[in-house]
Novice: 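Please find one structure pasted underneath; my questions will follow.
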Amino acid sequence: MDAREMKIKAAAAALEHVESGMKLGIGTGSTADEFVRLLAEKVAAGMKVEGVPTSERTARLCLELGITLRSLDELPELDLTIDGADELDARLTLIKGGGGALLREKIVACASRKMIVIADESKQVETLGAFPLPIEVNPFGHVATRIAIERAASRLGLSGALNLRMAGSERFHTDGGHLIIDASFGRIPDAEALSAELAAIPGVVEHGLFIHIASLAIIAGPAGARTVTAQ
Ligand SMILES: O=C[C@H](O)[C@H](O)[C@H](O)COP(=O)(O)O
């Protein structure tokens, strides 16, 4: 089974948690795209859902496939969000934002009664941090913000390259018009402490650590999909 087939398996298992009438947060990324495609088939067959997309990219795909969309201001309380992740550990702490959608993803997930993560098993790790942590920053003073991030990380004994994300020769901009700094810490043994340090920096808009937000993960491997709850 290749990676795409695993993503489809995870997405299909997550779809079983979706009921007609639900208000759904819809994630971003290649795994979330598979979920959108399967959801669209259900919608075409008569399932009624209203979706709040976590990115312009997801919004485009949903509209193309006939899924009804609302803004989060129209539907500020959602039943369920289904989204991918870049890494997840046994406590279901996540690193997200590889696609740059972390801010909207976190806002939407936190407005939902439940968040289910869908992933292939390559995303499961013992300790987070091999995947560079995306940190969304305001363009104003981003160099000063990068220095503040470096100092905050060093207080926790963390170090590593902090790279401004590029899209070709241009700076990458998020849907909200911010920049992303990808922080290669290697290992993040205390996600809560790092989250608190980052949140205290004025230029940091949001970071990609999702702590106590997901309550269920559906992980697909060659043998099929299994459901994991936070340890
Ligand atoms: O910003 C992007 C999101 O956090 C994605 O959920 C994450 O990067 C996982 O994406 P993929 O399913 O493509 O690995």
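Note that the structure is predicted; figures quoted are calculated from it, not measured. Note that ligands are numbered from 1 as they come in the structure, with each ligand's atoms numbered from 1 the same way.
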Novice: Verify whether one side chain among D120 and S122 offers a donor that lies under 3.5 Å from an acceptor in the other.
Specialist: yes
Novice: Does CD belonging to E74 count more than 12 external heavy atoms closer than 6.0 Å?
Specialist: yes
Novice: Taking N or O atoms only and a 3.5 Å limit, does A32 qualify as a polar contact for ligand 1?
Specialist: no
Novice: Which atoms of ligand 1 sit under 4.0 Å from any heavy atom of K96?
Specialist: 3 (C), 4 (O), 5 (C), 6 (O)
Novice: Checking a contact table here: which protein heavy atom is nearest atom 2 (C) of ligand 1, and how many Å away?
Specialist: G99 N, 3.0 Å
Novice: Would one find an N or O of G29, backbone or side chain, under 3.5 Å from an N or O of ligand 1?
Specialist: no
Novice: Which residue owns the protein heavy atom closest to atom 7 (C) of ligand 1, what's the atom, and how far is it?
Specialist: D86 OD1, 3.2 Å
Novice: Does ligand 1 have an atom that lies less than 4.0 angstrom from a heavy atom of G27?
Specialist: no
Novice: So which protein heavy atom does atom 5 (C) of ligand 1 come closest to, and at what separation?
Specialist: T28 O, 3.0 Å
Novice: Closest approach of E121 and P222, non-hydrogen atoms and distance?
Specialist: OE2-CD, 3.3 Å
Novice: Are any of the side-chain heavy atoms of I26 and L39 separated by less than 4.5 Å?
Specialist: yes
Novice: Check ligand 1 against G98 and write out every atom of the ligand that is under 4.0 Å from a heavy-atom position of the residue.
Specialist: 1 (O), 2 (C), 8 (O)
Novice: What protein heavy atom sits nearest atom 14 (O) of ligand 1, and how far away is it?
Specialist: K123 NZ, 2.6 Å
Novice: Looking only at protein heavy atoms, which one is nearest to atom 13 (O) of ligand 1, and how far off is it?
Specialist: S30 OG, 2.5 Å
Novice: Output the list of atoms in ligand 1 that are nearer than 4.0 Å to some heavy atom of A85, sorted by atom number.
Specialist: 6 (O), 9 (C)
Novice: A quick test of your reading: do over 12 heavy atoms of other residues, nucleotides or ligands sit less than 6.0 Å from CZ of R151?
Specialist: no
Novice: Using a 4.0 Å cutoff against the non-hydrogen atoms of G84, which atoms of ligand 1 qualify?
Specialist: 6 (O)
Novice: Give the residue and atom name of whichever protein heavy atom lies nearest to atom 3 (C) of ligand 1, and the separation in Å to one decimal.
Specialist: E105 OE2, 2.9 Å
Novice: Salt-bridged, R113 to D79, with N to O below 4.0 Å?
Specialist: yes
Novice: Could you say whether the N/O atoms of T31 and ligand 1 ever approach to under 3.5 Å?
Specialist: yes
Novice: With heavy-atom distances below 4.0 Å as the criterion, list the atoms of ligand 1 near D83.
Specialist: 6 (O)
Novice: Heavy-atom count check: over 12 atoms from other residues, nucleotides or ligands less than 6.0 Å from K9 NZ?
Specialist: no
Novice: So, do R70 and T68 sit near enough that their side-chain heavy atoms are less than 4.5 Å apart?
Specialist: yes
Novice: With the side chain counted from C-beta on, respond yes when F131 and V125 share a heavy-atom pair under 4.5 Å apart, and no when they do not.
Specialist: no
Novice: State, with a plain yes or no, whether a side-chain heavy atom of R37 is found less than 4.5 Å away from one of L65.
Specialist: yes
